[in-house]
Amino acid sequence: MLRELVASAKCVLFDFDGPVARLFAGYPAADVAGVLKRQLIDWGLKAPDAPDVDDPLRVLRDSMGLGRDRELEELLTKHELKAVKSAIPTAYADKLVRLLSAKGSSVAVTTNNSPLVAERYLDGRGLRECFGSHIHGRTGDPGLMKPDPSCLIRALRSTETTPAECLMIGDSADDFIAAHKVGVTFLGYGRDAEKMANLYDAGASHVVSSLEDVCRAVSDG
């Protein structure tokens with residue numbers, strides 16, 4: 001089944017943080033979330049108060065409509081760019097991107113992170129030419145973050161492909177929902193049992209624990 005999924009895809013859409021790299025491996029996401037919450041307090045605004053809100057993307061989304069959306073998004077971008085310096089490549093991600101490109105498949109990034117962050121990381125890995133201009137990330141409007149499919153729609157337009165011609169590789173329920181909304185086939189990547197369970201619970205039918213399996217499917221296809 002995995003071989004068929006990959007073989008039928010003219011274009012593969014990658015979520016960035018997770019399937020391509022662990023962005024916050026060296027600069028914990030919880031630290032960045034703390035920076036955002038402290039800035040909201042400094043502005044005299046109410047920060048998300050749930051004790052488990054250690055995801056900076058969730059802090060940004062939960063703070064929409066407080067009047068500082070763009071400034072908070074810019075602050076997050078600043079710290080994502082700091083985090084990218086210590087990001088760790090996801091095992092087999094580089095190989096998978098190069099295999100797909102060599103086979104003539106288009107590849108694109110569809111992420112809730114800043115596109116500037118994905119571009120800088122891919123430049124550092126020598127992968128930017130594989131993606132070209134097909135890097136679609138967060139805009140100044142947090143309301144267009146996944147599960148809204150905005151970045152997927154932009155990727156479809158830039159790669160001139162239809163949903164039926166695409167496969168998205170993502171690691172979250174939001175990725176699955178966004179892909180489902182536009183009719184793009186979804187392949188979940190769960191690097192541990194909890195993430196795999198979350199993807200299945202969200203409704204994903206196809207989930208892998210390693211991109212090595214996907215590389216093998218591309219090579220065998």
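Heavy atoms only: backbone and side chains are in, while hydrogens, waters and symmetry mates are out.
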Identify the heavy atoms of [X] and [Y] that sit nearest to each other, and give their distance.
X      : Y      : result
Leu187 : Val207 : CD1-N, 4.3 Å
Gly183 : Pro163 : O-CB, 3.5 Å
Thr90  : Ala21  : OG1-N, 3.2 Å
Asp69  : Met64  : OD1-CA, 3.5 Å
Ala25  : Ser86  : CB-O, 4.0 Å
Leu66  : Lys46  : CD1-O, 3.7 Å

Q: Assess whether side chain to side chain contact (heavy atoms under 4.5 Å, CB included) is satisfied between His136 and Thr111, documenting all intermediate values.
A: CA-CA 6 Å; His136 305 282; Thr111 179; over 6 Å; no
Between [atom1] of [X] and [atom2] of [Y], what distance do you get to the nearest 0.5 Å?
X      : Y      : atom1 : atom2 : answer
Asp220 : Leu2   : CG    : CG    : 10.0 Å
Asp15  : Ile169 : CG    : CD1   : 10.0 Å
Asn112 : Thr139 : CG    : OG1   : 10.0 Å
Leu127 : Glu119 : CG    : CD    : 13.5 Å
Leu75  : Glu80  : CG    : CD    : 10.0 Å
Arg58  : Ser63  : CZ    : OG    : 10.5 Å

Q.
For Asp171 and Arg22: C-alpha separation, side-chain torsions, deciding distance, then whether salt bridge (Lys or Arg N to Asp or Glu O under 4.0 Å) applies.
A. CA-CA 11 Å; Asp171 70 340; Arg22 290 178 59 189; over 6 Å; no
Q: Please step through side chain to side chain contact (heavy atoms under 4.5 Å, CB included) for the pair Cys151 and Lys146, ending with a clear verdict.
A: CA-CA 8 Å; Cys151 62; Lys146 291 174 290 184; 3.9 Å; yes
Q: Report, as yes or no, whether the 6.0 Å neighbourhood of atom NZ on Lys95 holds more than 12 heavy atoms from other residues, nucleotides or ligands.
A: no
From [options], residue fulfilling side chain to side chain contact (heavy atoms under 4.5 Å, CB included) relative to [X]:
X      : options                        : value
His206 : Leu199, Leu167, Leu5           : Leu5
Ile135 : Val109, Val117, Val107, Leu116 : Val109
Leu96  : Pro19, Cys215, Ser101          : Cys215
Cys166 : Leu152, Leu156, Val182         : Leu156

Same apolar cluster: [X] and [Y], side chain cutoff 4.5 Å:
X      : Y      : value
Val97  : Val208 : yes
Leu100 : Phe186 : no
Val20  : Val184 : no
Val12  : Met168 : no
Tyr189 : Leu122 : yes

[X] and [Y] ion-paired at < 4.0 Å:
X      : Y      : result
Lys78  : Glu74  : no
Arg3   : Asp213 : no
Lys10  : Glu160 : no
Arg120 : Asp123 : no

Q) Do Glu73 and Thr77 have side-chain N/O donor and acceptor atoms under 3.5 Å apart? A) yes
Q.
If only side-chain N and O atoms count, and only distance matters, is there a donor-acceptor pair under 3.5 Å linking Asp175 with Ser172?
A. yes
Just by distance, do the side chain of [X] and the backbone of [Y] share a donor-acceptor pair under 3.5 Å?
X      : Y      : result
Ser106 : Cys11  : no
Glu71  : Arg68  : no
Ser158 : Ala155 : yes

Q.
Filter on salt bridge (charged side-chain N to carboxylate O under 4.0 Å, His left out), then keep only pairs touching residues 194-204, sequence neighbours left out; what's left?
A.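 Residue pairs passing salt bridge (charged side-chain N to carboxylate O under 4.0 Å, His left out), neighbours aside: none found.
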Q: Apply the test side chain to side chain contact (heavy atoms under 4.5 Å, CB included) to residues Arg191 and Met196: give CA-CA distance (whole Å), side-chain angles for both, the deciding distance (0.1 Å), then the verdict.
A: CA-CA 7 Å; Arg191 63 182 174 86; Met196 292 186 75; over 6 Å; no
Q. How are the rings of His79 and Tyr27 set to each other: parallel, tilted or perpendicular (split at 30° and 60°)?
A.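 Taking Tyr27 first and then His79, their aromatic rings sit tilted (interplane angle of 30° to 60°).
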Q.
So if I apply the ring pair (Phe, Tyr, Trp, His ring centres under 6.0 Å) rule between Tyr121 and each of Phe131, Phe14, Phe16, which one comes out positive?
A. Phe16
Q) Which residues pass the salt bridge (Lys or Arg N to Asp or Glu O under 4.0 Å) test with Arg154, sequence neighbours left out? A) none
(Q) Between Gln39 and Leu45, is the side chain to side chain contact (heavy atoms under 4.5 Å, CB included) condition met? List the steps. (A) CA-CA 9 Å; Gln39 181 61 71; Leu45 301 173; over 6 Å; no
